Each structure stands twice: as C-alpha cells, then as structure tokens.
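To start, the structure under review is shown below, and the notes come after it.
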Amino acid sequence: MSENLRYLQKVPLFHGLSEDQLLEISRLLFERSYNKGRIIFMEGEPGEAVYILKAGFIKLTKRLEDGREHILHFVNPGEVFAEVVLFGGGNYPATAEVQEASVVGVLRNQDIERLLSSHPNMAVEMLRIMSKRLRTAQEKIMNLALHDTSRRLAFTLLKMAEDHGVTHPRGTLINFSLTNQEFANLTGTSRETVNRMLNSFKRAGAIDIERQQIILTNKNKLEDLLR
C-alpha cells in the first residue's frame, strides 16, 4: 500500500470511499514542503488546486478594507483547505501562511474535477466538508456581530480548545501559541484589549498562561459569559 493511500484513508474528507477509489486519488496527489513563514497562496491569486495538510500548521487569513489582517481558520493535519475554488473556480478568497514547517498534499483542480465526475459520492463528501466550514464561518460572524469583546474572546478560546485542545493536568491546553495580536485578528479587536481580557480571565481562574500557551482551567466560567 502506498504512503499516499495510507494517508488518504485517515483524511475525513475521504471516509466512505473504497480502497480502489482512494488509490485513484493517491495517484493524483503530489507533495510539497514549506518552511515556517512561507506563503502557499495569496488572496486573489487564481485558484488552481485543493490542498491537504499532511504535517505542520497553516493559517488562513483575509485582508480587510482598512488593511488589517483577519484570521479565518487554523488548519490542522488531515484537513482540506482551499476547497472553495474547486466547484466555483475563481481566485483564492484567502491567504495561506505556514505557521510551522509543513508538508502539504496538492490535488490540482483539473485532475480532481475529472475524478469527481466519475465518483459522485466523493463530490457529496466534499460538499459536506464545505458545508461544515460554512457553518463555522457563520458562527464566527454571529460571534463578531452579537457579542461584546469579552464574549468574543471567550467564544474563540472555547472553539480553539475544541479544535486544538489536549488534556492537561490543570484543564485543556490549546496546543499552539498565538500572540495577542493574532488573538486580536481572530476576534476583531485590539491587541491591548485582548491583553486586558486575558488577564481578566486569568484573575477569574478561567485560564492560565504557560510558556505563551493558554490552558483553560475552568471552561464553565467562559461558557457562563456566552449565556
């Protein structure tokens, strides 16, 4: 069994596909490696491929009209990204920046489109992934629109713990480091406000900060802010 085939079997997008179908996809997949800080694609560039993160960590961002960066999503290994250009074509709607050394599987649009025409069940799975991403985006829009700063930050911390959390003796550790500016870019506020809110959460016993990583020591206190 090829390395690509073994990897694809672990990707949620391809669950339910037969080994023969996965083998077809594995023949189309090629691999690229990127160092930290590299840009995989820029917002506005022609969308030519769908990507699967095999190892590492990727940040997806969008530039706002006032020039500020807004963080849309952090990509974990096993996740597909840039899938939005597959069905609609056009340009990449966001920028993909490497946060730590990464290995990415690349499926060119022209190759995967031919495959989807032969395997409608795979197209359905792709649409499910896109639907899930849309729901996440809608939740984020609602969070930014309806909540004050402390609630937006609490929502963001809880979501990050759900997506990236690991068990820690004192609670749930968010298993990567973000600067206060990156938190600000996630929550639509200023770095100074984020710093003030994080200190407030820490004093309340809801979180702790260890080596620039956040531990949710009492999720209930954060959840109470959203009620």
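In this text the structure is predicted, and so the values were computed from the model without any measurement. Values below: all heavy atoms of this structure, side chains included; hydrogens, waters and symmetry mates excluded.
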If Ile, Leu, Val, Met, Phe, Trp and Tyr residues are connected whenever their side-chain heavy atoms lie under 4.5 Å apart, and connections chain through other members, are Y34 and F41 in the same group? yes

Audit row: I215, I174, side chain to side chain contact (heavy atoms under 4.5 Å, CB included) steps and yes/no: CA-CA 6 Å; I215 305 164; I174 297 173; over 6 Å; no

CD/E19 to CG/L8 distance, rounded to the nearest 0.5 angstrom? 11.5 Å

Okay, side chain of S102, backbone of E100: is any donor-acceptor separation there less than 3.5 Å? yes

dist S150:OG -> L153:CG (nearest 0.5 Å) comes out at 8.0 Å

E43: side chain to side chain donor-acceptor pair (under 3.5 Å) partners, not counting sequence neighbours: K62

Atom pair CG (D208) and OG1 (T217), whose distance is rounded to the nearest 0.5 Å: 6.5 Å

Does the side chain of L158 come within less than 4.5 Å of L216's, by heavy atoms? yes

Quick check for you: to the nearest 0.5 Å, what is the distance between Q9 atom CD and I25 atom CD1? 11.0 Å

Shortest non-hydrogen pair, I52 vs V80, comes out as CG1-CG2, 4.1 Å

Charged N to carboxylate O under 4.0 angstrom, R108 versus D111? yes

Using atom types as modelled, flag every donor-acceptor pair under 3.5 Å from a side chain in residues 53-61 to any protein atom, sequence neighbours excluded.
residue: K54; atom: NZ; partner: N4; partner atom: OD1; Å: 3.1
residue: K54; atom: NZ; partner: E31; partner atom: OE1; Å: 2.7
residue: K59; atom: NZ; partner: E69; partner atom: OE2; Å: 3.4

With side chain to side chain contact (heavy atoms under 4.5 Å, CB included) as the criterion, how do E182 and Q99 come out once you've worked through the C-alpha distance, each side chain's angles and the decisive distance to 0.1 Å? CA-CA 12 Å; E182 287 173 318; Q99 297 295 283; 3.5 Å; yes

Could you tell me which non-hydrogen atom of G47 sits nearest to which non-hydrogen atom of N109, and how far apart they are? O-ND2, 3.2 Å

Taking Q110's backbone N and O only, do any of them form a donor-acceptor pair with E113's side chain (distance below 3.5 Å, no angle check)? no

When rounded to the nearest 0.5 angstrom, what is the spacing between CD in E24 and CG in L22? 9.5 Å

Non-hydrogen atoms of F81 and A96 that approach each other most closely: CE1-CB, 4.1 Å

I need the minimum non-hydrogen distance between Y7 and G78, along with the two atoms involved. OH-N, 3.3 Å

Check: T95 and R63 side chains under 4.5 Å, non-hydrogen atoms: no

Can you tell me if CZ on R191 sees more than 12 non-hydrogen neighbours from other groups inside 6.0 Å? no

Tell me, do T172 and K219 make a side-chain contact under 4.5 Å, heavy atoms counted? yes

Answer yes or no: is there a donor N or O on one side and an acceptor on the other, between the side chain of E79 and the main chain of N76, under 3.5 Å? yes

Report all side-chain donor-acceptor pairs from residues 194-207 shorter than 3.5 Å, counting only partners two or more places apart or in another chain.
residue: N195; atom: OD1; partner: N180; partner atom: ND2; Å: 3.2
residue: N199; atom: ND2; partner: N195; partner atom: O; Å: 3.2

Hey, could you give me the CZ/CG distance between R27 and L5, rounded to the nearest 0.5 Å? 9.5 Å

Quick one, E45 and N91 - any side-chain contact, counting heavy atoms below 4.5 Å? no

Report the C-alpha distance between L178 and L186 in whole Å, list the side-chain angles of each, state the deciding distance to 0.1 Å, and finish with yes or no for side chain to side chain contact (heavy atoms under 4.5 Å, CB included). CA-CA 10 Å; L178 286 183; L186 271 169; 3.7 Å; yes

Check whether any side-chain heavy atom of L28 sits under 4.5 Å from a side-chain heavy atom of L115, and report yes or no. yes

Take atom CD of E192 as the centre, draw a 6.0 Å sphere, and report whether it contains more than 12 heavy atoms from other residues, nucleotides or ligands. yes

Could you tell me whether the side chain of H164 reaches within less than 4.5 Å of the side chain of F74, counting heavy atoms only? yes

Residue pair R32 / F30, side-chain heavy-atom distance below 4.5 Å: yes

Close side-chain approach of I40 and V104, heavy atoms under 4.5 Å: yes

Tell me whether L29 is reachable from L23 by hopping between hydrophobic residues (I, L, V, M, F, W, Y) whose side-chain heavy atoms are closer than 4.5 Å. yes

Work out which heavy atom in F183 is nearest to a heavy atom in M160; give both atom names and the distance. CE2-SD, 3.7 Å

Taking all atoms of both residues into account, what is the closest heavy-atom pair of S190 and A184, and its distance? C-CB, 3.6 Å

Under 4.5 Å between side-chain heavy atoms, counting indirect links through other Ile/Leu/Val/Met/Phe/Trp/Tyr residues: same cluster for I209 and L173 or not? no

